[in-house]
Protein chains: 2
Amino acid sequence: MTTKTETMTRQAPAQDAGAFPVPRLDQQLCFALYSASGLMTKLYRPLLDPLGLTYPQYLAMLALWQHSPSTIGELGAALGLDSATLTPLIKRMEAGGLVTRRRDSADERRVLVEPTAKGEALRARMKDVQEGLSCAMPLERAELKALHGTLTRLVAGLREATADQD
Amino acid sequence: MTTKTETMTRQAPAQDAGAFPVPRLDQQLCFALYSASGLMTKLYRPLLDPLGLTYPQYLAMLALWQHSPSTIGELGAALGLDSATLTPLIKRMEAGGLVTRRRDSADERRVLVEPTAKGEALRARMKDVQEGLSCAMPLERAELKALHGTLTRLVAGLREATADQD
DNA sequence: TCCATTTAATTTGTACACGATTAATTAGTG
DNA sequence: CACTAATTAATCGTGTACAAATTAAATGGA
């Protein structure tokens, strides 16, 4: 009588009465962020492919257009990536002719990264990327604005909360 | 007189009058999502490490606790990942003793994934993970709720917008 | 029944992403 | 000035992540 029901259904197994309910995937904020981020990358891909850029490389170009030359460390701070990720990423961009890398003569530890003429030329094509993207965005302009604001505060808070793990 | 000013400053270069302004990193929704997602992963790491789970593996366990056995394809649909990502991920979880893999005898193409006793045992430790996490979240409960709602609609819309790229 | 098509998972190749370590350089202190 | 401490990239190892090609199995006609 007690062991009889243990092989009934697999769908709601072993949930003791009063036990902590296992969090559902669709109720997890982290999963919504994870999914949204991945889908945005997928949305950018066809727009960036013809430019010879991956999505992280596109972010790096945005940072460099804003401020260059930049060191690996500065790029890392701007993008939230560490040198183990950026060093090979920048080297691939260098191989693609989009940026130059050189040691800072004033401090030989630093590596200065700067767009090439070819890299600068991509600036002119950003209009199409932005337009192509905003057309595909499923939310209202005001909603996107509000979402961006909330995310910005979330990111600022998370940076503090994870600051110890560097 | 014309070529004299071309080496002035590096900070605001070559922005033709009326040209499309290069989008700023901190104004890009995609970058906010990218940063937030990465920081959430970093926030989970110390909580999941003692369980022997990476963050994507944690998501896979959530999906399996919700519904198992699941095929690779079902997990892929739930998580938004393709089989080329999931196959090795699940194999690592199998090597860690958290799940079992077996071919479906009714359809030998399918692989059924199911938590082991050890995997089921992790359920009991999810309370600590959830609590440890929500303590570190920098936003108000209501704000998080609203953010989750907006993201859910964004994800649904992006799924449609990217549905052709499968 | 046979075979073309479809489906499911795996494999291969490329590109992130991070923790931990290392190597080179610079800064600081006595 | 010597020598240690701190800083900066690069490297190594492991784990995602996806496109494209491959293999194996099931399905749907002719």
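In what follows, every chain begins at residue 1, and chains take the letters A, B, ... in the order their sequences are listed. If you're wondering where the values come from, they're calculated on a predicted model, not measured in any experiment.
- Proximity of a side-chain donor or acceptor of A/R123 to a complementary backbone N or O of A/W65 within less than 3.5 Å is detected.
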What do the steps show when you test A/L81 against A/L59 for side chain to side chain contact (heavy atoms under 4.5 Å, CB included), and what is the final call? CA-CA 11 Å; A/L81 299 173; A/L59 296 180; over 6 Å; no
Tell me which donor-acceptor pairs under 3.5 Å the side chains of residues 141-150 of chain A have, and how far apart each pair is, sequence neighbours excluded?
residue: A/E143; atom: OE1; partner: A/E140; partner atom: N; Å: 3.3
residue: A/E143; atom: OE2; partner: B/R153; partner atom: NH1; Å: 2.6
residue: A/E143; atom: OE2; partner: B/R153; partner atom: NH2; Å: 2.5
residue: A/H148; atom: NE2; partner: B/D26; partner atom: O; Å: 3.2
residue: A/T150; atom: OG1; partner: A/A146; partner atom: O; Å: 3.1

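- Distance A/D49 CG to D/dC18 C1': 12 Å, rounded to the nearest Å.
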What does the B/S/- profile of nucleotides 2-8 of chain D look like, 5' to 3', with a 4.0 Å heavy-atom cutoff to protein? -----BS
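- Chain A approaches DNA chain C within less than 4.0 angstrom (heavy atoms of the protein), and the contacting nucleotides run 5' to 3' from C/dA15 to C/dT26.
- In terms of position along DNA chain C, the nucleotide closest to B/R101 lies nearer the 5' end than the nucleotide closest to the other residue of the pair A/P56 and B/R101.
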Would you be so kind as to tabulate the donor-acceptor pairs closer than 3.5 Å made by side chains of residues 127-139 of chain B, with sequence neighbours excluded?
residue: B/Q130; atom: OE1; partner: A/Q28; partner atom: NE2; Å: 3.3
residue: B/Q130; atom: NE2; partner: B/Y58; partner atom: OH; Å: 2.9
residue: B/S134; atom: OG; partner: B/Q130; partner atom: O; Å: 3.0
residue: B/S134; atom: OG; partner: B/E131; partner atom: O; Å: 3.3

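- Between A/E74 and A/Y34, it is A/E74 whose nearest contact on DNA chain D lies nearer the 5' terminus.
- We find that CG of A/L39 is positioned 13 Å from C1' of D/dA17, with the value rounded to whole Å.
- Scanning both residues, B/P23 and A/Q66, for their nearest heavy atoms gives O-OE1, 4.1 Å.
- Within the 4.5 Å cutoff, side-chain heavy atoms of A/T71 are placed close to those of A/L112.
- With hydrogens and angles ignored, the 3.5 Å screen pairs a side-chain donor or acceptor of B/R103 with a backbone N or O of B/E108.
- A/Q57 places its CD atom 17 Å from the P atom of D/dC18, with the value rounded to the nearest Å.
- In this structure A/F31 satisfies the ring pair (Phe, Tyr, Trp, His ring centres under 6.0 Å) test with no other residue, sequence neighbours excluded.
- For A/T116 (side chain) and A/L98 (main-chain N/O), a donor-acceptor pair under 3.5 Å exists by modelled atom type.
- Near DNA chain D, meaning a heavy atom under 4.0 Å from it, residues 78-96 of chain A has A/S83, A/A84, A/T87, A/K91 in order of number.
- Using modelled atom types, one side-chain atom of B/K118 and one backbone atom of B/G96 make a donor-acceptor pair closer than 3.5 Å.
- Put simply, the side chain of A/R125 never gets that close to the backbone of A/L51: no donor and acceptor are under 3.5 Å apart.
- Heavy-atom nearest nucleotides on DNA chain C were determined for A/T54 and for B/K42, and the one closer to the 5' end corresponds to A/T54.
- The CG atom of B/L75 sits 15 Å away from the C1' atom of D/dT16 (whole-angstrom rounding).
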